[in-house]
There are 2 protein chains.
Amino acid sequence: MVQKSKGPPIAAPEPPKRRGRPRAYEPDVALGKALDLFRTQGFAATSLDDLSEATGMNRPSLYGAFGDKRELYIKSYQRYREQARASMVEIFRADLPLRERLERIFASALAIYLSGETGPRGCFTVVTAASEAVGDPEIRAMVLDGLSELDKAFANCFRRAKEKGELADSADPVVLAQLASATIHTIAIRSRARVPRKELDAIVKGAIDVMVGVKG
Amino acid sequence: MVQKSKGPPIAAPEPPKRRGRPRAYEPDVALGKALDLFRTQGFAATSLDDLSEATGMNRPSLYGAFGDKRELYIKSYQRYREQARASMVEIFRADLPLRERLERIFASALAIYLSGETGPRGCFTVVTAASEAVGDPEIRAMVLDGLSELDKAFANCFRRAKEKGELADSADPVVLAQLASATIHTIAIRSRARVPRKELDAIVKGAIDVMVGVKG
DNA sequence: GGATTATTTTGCGAGATGGTACAAAAATCA
DNA sequence: TGATTTTTGTACCATCTCGCAAAATAATCC
């Protein structure tokens, strides 16, 4: 949300008159390109040359703008999280019937997982968990945070649904949330193995049926 | 199960009098070491020097015995699948109450995922799906096979339980199987992020409660 | 215009990477 | 014993890796 105040001219997206030679790239789009590469190939399989070519920045510029490869990976991951969060937060917040809310969440997730020019790329949190998270404590902490953020959002969702009487009294919001997260994770993995969208939709539908229909 | 027949001497683990210089390694244990490395570090992050050191074979020997790095990865993955299958097949086959069967399956999976000297390593199928599967059709096919093998085993499990009256008539074995697989996948991912075992156990317990309690 | 500042560009360098050639070593076969 | 076969060990190659230093470029400030 960009504020559109009528007050004094606030420097928003206008160039803040930087000194020195102007950049030949936009950091935001460059980071997006880097994220694309990391999402498909992973950290180790992506070389600085790959990143340099994709972003249009040569290596020293990359280094100056984002730090070394690991820092760039971390910044890419943070950006992924922001994007993913942005695409879901309103659905989580909205006041919709439980089933519809879940349908929209999973549809939003699938849209992210199936996107990609060369093929589906899955969930970057899952990809990172499966690779760098074991050996790098800082990255692992971010992944853990990503996992629990989703768990919490789902738990909140089910808690509210229960309060509104959409679920049986015996239903446990935390357990249902873990099931919902598990469904997210399974479609993230399967999408990378190119399981056709129809099957993924069926998995989502089956999971939702169980989650909203739990009697105890 | 090694057969202990009384018939004529079958050349089993006895040296078949190979010609030429004898090997300084045992291919089976070397492959095991390679699998260990690949499971923790992934394909791209594991160098031939790493593999050479871990197996005790120098690079030419590695190459001669298993082919190039990719072939070694594929053979390692196949071996992982064999081991995982071996550790579960009897539980799937056994004639146990549904809940107990599920408990044992998940316990067996967790034992695999949490093992490792340097920390939990998760499921190699999931790790491979998250990395090499996108770019390598042959590897992707193996991963797909691994995913569907688990789905089918679970579906069979629930189908039999339903026939025995352990599940409501309205329960759908396929949907329940996908939920069980999803639970497997989520604990595989979380274990790599070092989620403590207690939480993983809780996730498994919650999922089982839902699966065996589904009324429809 | 000249000084200052920020960025780009070129290119380097030390080391790692996957893979291989070749000779020495160690066993069997004749 | 000597020929054959198989594996090992050393050394090497061409390529790629990440990161950085130095110089060139292009803007603003005075």
Side-chain angles (χ1 to χ4, degrees), chain A residues 9 11 13-31 33-35 37-38 40-77 131-132 135-136 138-139, chain B residues 11 13-31 33-35 37-38 40-77 128 131-132 135-136 138-139:
Chain A
E14 293 145 32
K17 289 277 186 188
R18 301 174 52 92
R19 252 173 102 119
R21 179 170 175 168
R23 288 182 170 134
Y25 59 91
E26 286 194 64
D28 261 14
V29 325
L31 188 56
K33 301 284 189 184
L35 171 56
L37 264 189
F38 279 137
T40 57
Q41 303 183 340
F43 177 81
T46 303
S47 72
L48 282 188
D49 280 337
D50 292 339
L51 293 163
S52 184
E53 187 189 340
T55 58
M57 306 163 63
N58 42 30
R59 262 167 294 161
S61 294
L62 264 180
Y63 198 81
F66 304 110
D68 68 9
K69 191 178 159 187
R70 179 174 169 277
E71 287 180 81
L72 177 52
Y73 188 85
I74 290 176
K75 291 195 171 82
S76 298
Y77 177 67
S131 51
E132 310 311 312
D136 190 316
E138 190 180 341
I139 293 180
Chain B
E14 294 147 33
K17 288 278 183 186
R18 301 174 50 93
R19 249 174 103 119
R21 177 169 175 170
R23 288 181 171 135
Y25 60 91
E26 286 194 66
D28 261 15
V29 325
L31 189 55
K33 301 285 190 184
L35 171 56
L37 265 188
F38 280 135
T40 56
Q41 303 183 338
F43 177 81
T46 303
S47 71
L48 282 188
D49 279 337
D50 292 339
L51 292 163
S52 185
E53 187 189 340
T55 59
M57 303 162 65
N58 43 30
R59 261 170 293 167
S61 294
L62 263 181
Y63 199 81
F66 304 110
D68 67 10
K69 190 179 162 187
R70 178 173 169 276
E71 287 180 81
L72 177 53
Y73 188 86
I74 290 177
K75 291 195 171 83
S76 298
Y77 177 67
T128 304
S131 51
E132 310 312 311
D136 191 315
E138 190 180 341
I139 293 180

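The basis for the numbers below is simple: all heavy atoms, side chains too, and nothing from hydrogens, waters or symmetry mates.
Between B:Tyr73 and B:Thr46, every side-chain heavy-atom pair lies at or beyond the 4.5 Å cut-off.
If you measure from atom CG of B:Leu62 to atom P of C:dT17, you get 14 Å, rounded to the nearest angstrom. The distance from atom CG of A:Asp68 to atom P of D:dT17 is 16 Å, rounded to the nearest whole Å. Atom pair A:Arg23:CZ and C:dT8:P shows a separation of 7 Å (rounding to whole Å applied). Atom CG of B:Leu72 is separated from atom P of C:dG18 by 11 Å (rounded to the nearest Å). Atom CZ of B:Phe66 and atom C1' of C:dG19 are 17 Å apart (whole Å).
Side-chain N or O atoms of A:Ser52 include none that pairs as donor or acceptor with a backbone N or O of A:Leu48 at under 3.5 Å. The closest donor-acceptor contact from the side chain of A:Lys69 to the backbone of A:Phe43 lies under 3.5 Å.
Within 6.0 Å of NZ in A:Lys75 there are more than 12 heavy atoms belonging to other residues, nucleotides or ligands. Counting non-hydrogen atoms of neighbouring residues, nucleotides and ligands closer than 6.0 angstrom, the CD atom of A:Glu53 reaches no more than 12 such neighbours. Other residues, nucleotides and ligands contribute only 12 or fewer heavy atoms inside 6.0 Å of the CD atom of B:Glu26.
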- Message: Using a 4.0 Å heavy-atom cut-off to protein, can you give one letter per nucleotide of nucleotides 21-30 of chain C, 5' to 3': B if the base is in contact, S if only the sugar-phosphate is, - if neither?
- Response: B---BBBSS-

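The heavy-atom pair separating A:Ala30 from A:Thr55 by the smallest distance is O-CG2, 3.4 Å.
For B:Tyr25, taking side-chain heavy atoms from C-beta onward, the closest of the listed nucleotides D:dT7, C:dT8, D:dG19 is D:dT7.
Near DNA chain D, defined here as any heavy-atom distance below 4.0 Å, the residues from residues 43-59 of chain B are B:Asn58, listed numerically.
Legend: residues meeting side chain to side chain donor-acceptor pair (under 3.5 Å) with B:Thr40, ordered by chain and number and at least two apart, are absent.
A close approach under 4.0 Å does occur between a side-chain nitrogen or oxygen of B:Tyr63 and OP1 or OP2 of C:dT20.
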